[in-house]
Amino acid sequence: MSVSLQAVKQRFGIVGTSAMLDAALDTAVRVANTDLSVLIIGESGVGKEVFSKIIHALSARKHNSFIAVNCGAIPEGTINSELFGHEKGSFTGAAGDRKGYFETVDGGTIFLDEIGETPLDTQAFLLRILESGEYLRVGSSKVMTTNVRVIAATNTDLTAQIQKGKFREDLYYRLNTVPIRVPPLRERREDIYVLFRKFAVDFADKYRTTPIYLDDRAQILLENYPWPGNIRELKNVAEQLSVLSKDKQVSAEVLLDLIPNIMKRNLPALVSKDRQNAGYEEREILYKLLFEMKSDLTDLKSLVFELISHNNLSVGNGVSLRQLKAPFMQYNGADQNGGDLEEQESYAAQPESNSMSELLYDRDRSAQQNAERSMNGSRPVVMEKNNGKANIFDKAEIVEESLSLIDMEKDLIVKALKKHNGRRKEAADNLGISERTLYRKIKEYSLE
């Protein structure tokens with residue numbers, strides 16, 4: 001049965017034209033008429049339960065029961081009883097037999113929200129149901145069977161939970177047969193104002209008043225807010241404005257007065273290393289790279305001065321070593337009256353016209369001449385011999401350095417791995433990133 005996405009949106013009240021949203025809906029429609037397990041991934045408030053209802057309503061089980069269970073809201077001590085049922089006297093307070101959700105919705109669909117919050121023993125029971133359809137009531141030894149389709153959802157990274165030993169890897173792969181990622185609101189900004197208008201109209205009907213609307217500046221503020229609470233937060237804002245706004249046209253000032261957090265921005269910031277749960281971003285590598293480049297530039301300056309002084313060289317147009325070093329000596333806090341006698345005499349012998357302004361002018365003129373020589377196919381002049389004879393110019397080719405951040409990032413990772421003899425954990429600590437990010441970068445740049 002072919003179902004268009006537009007028909008699905010109209011039927012379930014889904015608003016939006018985002019390509020990422022359409023892709024998630026298309027996957028849900030395609031998998032609906034099968035019995036495959038589905039794992040819906042998305043942040044809190046993006047509407048994961050709506051996708052589970054779409055899958056059930058378009059499946060062959062649509063005439064049977066559907067139940068949504070929030071696993072994070074059920075206490076650890078009673079979740080097995082809620083899901084699988086219990087026998088009379090199996091624990092304190094069990095006054096009689098009780099059917100669990102898997103028994104009551106036999107033949108239908110069960111939606112397990114926040115699946116990452118389930119205890120490990122419950123995860124083992126869920127794995128058995130997914131593989132064979134068998135389960136045990138709490139306090140019973142009688143094996144029971146059920147024919148239930150399981151749709152799970154999570155707003156956490158289950159792979160990280162697996163590494164911490166809080167989620168079973170085999171259950172993850174069993175649930176993740178068909179993953180559906182529901183995009184957060186900040187990734188579908190073209191839908192934000194459309195959703196706001198829909199909520200405003202809905203609340204106007206509810207409270208029997210005229211719908212509010214935003215002016216241009218307020219709309220820009222609305223669309224550029226990151227919306228950590230996603231659609232749920234946007235709906236709350238629309239209702240708050242519908243009730244509290246005195247005018248039907250909401251300006252940016254009114255929006256800021258009622259919702260000060262609307263100007264909140266998640267700007268880049270350094271992350272403390274002891275925050276183990278925080279993911280390190282690529283900017284950490286970039287910061288280290290910039291500091292290393294600064295250090296390399298300082299070493300290069302020192303090398304050039306050393307070459308000039310030990311090889312009796314000068315930089316064209318009669319500029320002496322002392323003149324070249326003077327601004328750097330001043331910058332580094334060196335004593336400009338120090339140095340050897342030869343160098344002082346050379347500096348003193350320079351005419352008054354060799355002031356700093358003229359020195360800078362000569363430097364700029366030399367750079368311009370080098371650029372003209374490059375355009376004419378000639379090699380630029382770099383240094384000249386200062387041996388009392390006619391000036392003999394050494395010529396060199398300019399090797400263009402790669403300014404690609406990817407190349408520099410790759411080079412920095414290679415250096416760190418060589419430094420620590422391939423020990424990735426130590427290399428990751430040295431780079432200031434997590435070991436998982438380093439593994440991903442190694443794989444991305446084929447550095448195996």
CZ/Arg424 to CG/Leu431 distance, rounded to the nearest 0.5 angstrom?
-> 12.5 Å
Working to the nearest 0.5 Å, report the span between CZ of Arg188 and CH2 of Trp227.
-> 13.0 Å
Any donor-acceptor N or O pair under 3.5 Å, side chains Glu82, Tyr101 | yes
Mark yes or no for whether Asn155, through its side chain, and Gly42, through its backbone, hold a donor-acceptor pair below 3.5 Å.
-> no
Output for pair (Asp407 CG, Glu409 CD), nearest 0.5 Å, gives 10.0 Å
Among Ile151, Leu175, Thr177, find the one that has a side chain to side chain contact (heavy atoms under 4.5 Å, CB included) with Val38.
-> Ile151
Just checking, is any N or O donor in the side chain of Gln123 or Tyr172 under 3.5 Å from an acceptor N or O on the other one?
-> no
Checking Asn64 side chain against Gly107 main chain: does a donor-acceptor pair fall under 3.5 Å?
-> yes
Given salt bridge (charged side-chain N to carboxylate O under 4.0 Å, His left out), test Lys53 with Glu49 step by step and report yes or no.
-> CA-CA 6 Å; Lys53 292 179 179 179; Glu49 186 173 343; 3.8 Å; yes
Would you confirm whether Ser59, through its side chain, and Arg61, through its main-chain N or O, come within 3.5 Å as a donor-acceptor pair?
-> yes
Can you check whether Ile212's main-chain N or O pairs, donor with acceptor, with Arg197's side chain at less than 3.5 Å?
-> yes
Answer yes or no: is there an ion pair linking Arg436 with Asp157, defined by an N-O contact shorter than 4.0 Å?
-> yes
Donor-acceptor pair, Ser90 side chain versus Glu87 backbone, under 3.5 Å?
-> yes
Arg128, CZ: over 12 other non-hydrogen atoms inside 6.0 angstrom = yes
Is there a donor-acceptor pair under 3.5 Å between the side chain of Lys48 and the backbone N or O of Val182?
-> no
Any luck finding a side-chain donor-acceptor pair between Asn80 and Thr122 under 3.5 Å?
-> yes
Thinking salt bridges, do Glu103 and Arg137 make one under a 4.0 Å N-O criterion?
-> yes
Just by modelled atom types, is the Thr437 backbone N or O under 3.5 Å from a matching donor or acceptor in the Ser434 side chain?
-> yes
Salt-bridge test for Asp170 and Arg174: reply yes if a basic N is under 4.0 Å from a carboxylate O, no otherwise.
-> no
Would a distance-only check, ignoring hydrogens and angles, find a side-chain to backbone donor-acceptor pair under 3.5 Å from Ser4 to Ala7?
-> yes
Flag for Tyr439-Glu444: side-chain donor and acceptor within less than 3.5 Å = no
Determine the interplanar angle of the Phe66 and His56 rings, folded into 0 to 90°, and report it as parallel if under 30°, tilted if 30 to 60°, perpendicular if over 60°.
-> tilted
Is the side chain of Asn230 donor-acceptor paired with the backbone N or O of Arg232 at a distance under 3.5 Å, no angle test?
-> no
Is the side chain of Arg149 donor-acceptor paired with the backbone N or O of Thr34 at a distance under 3.5 Å, no angle test?
-> yes
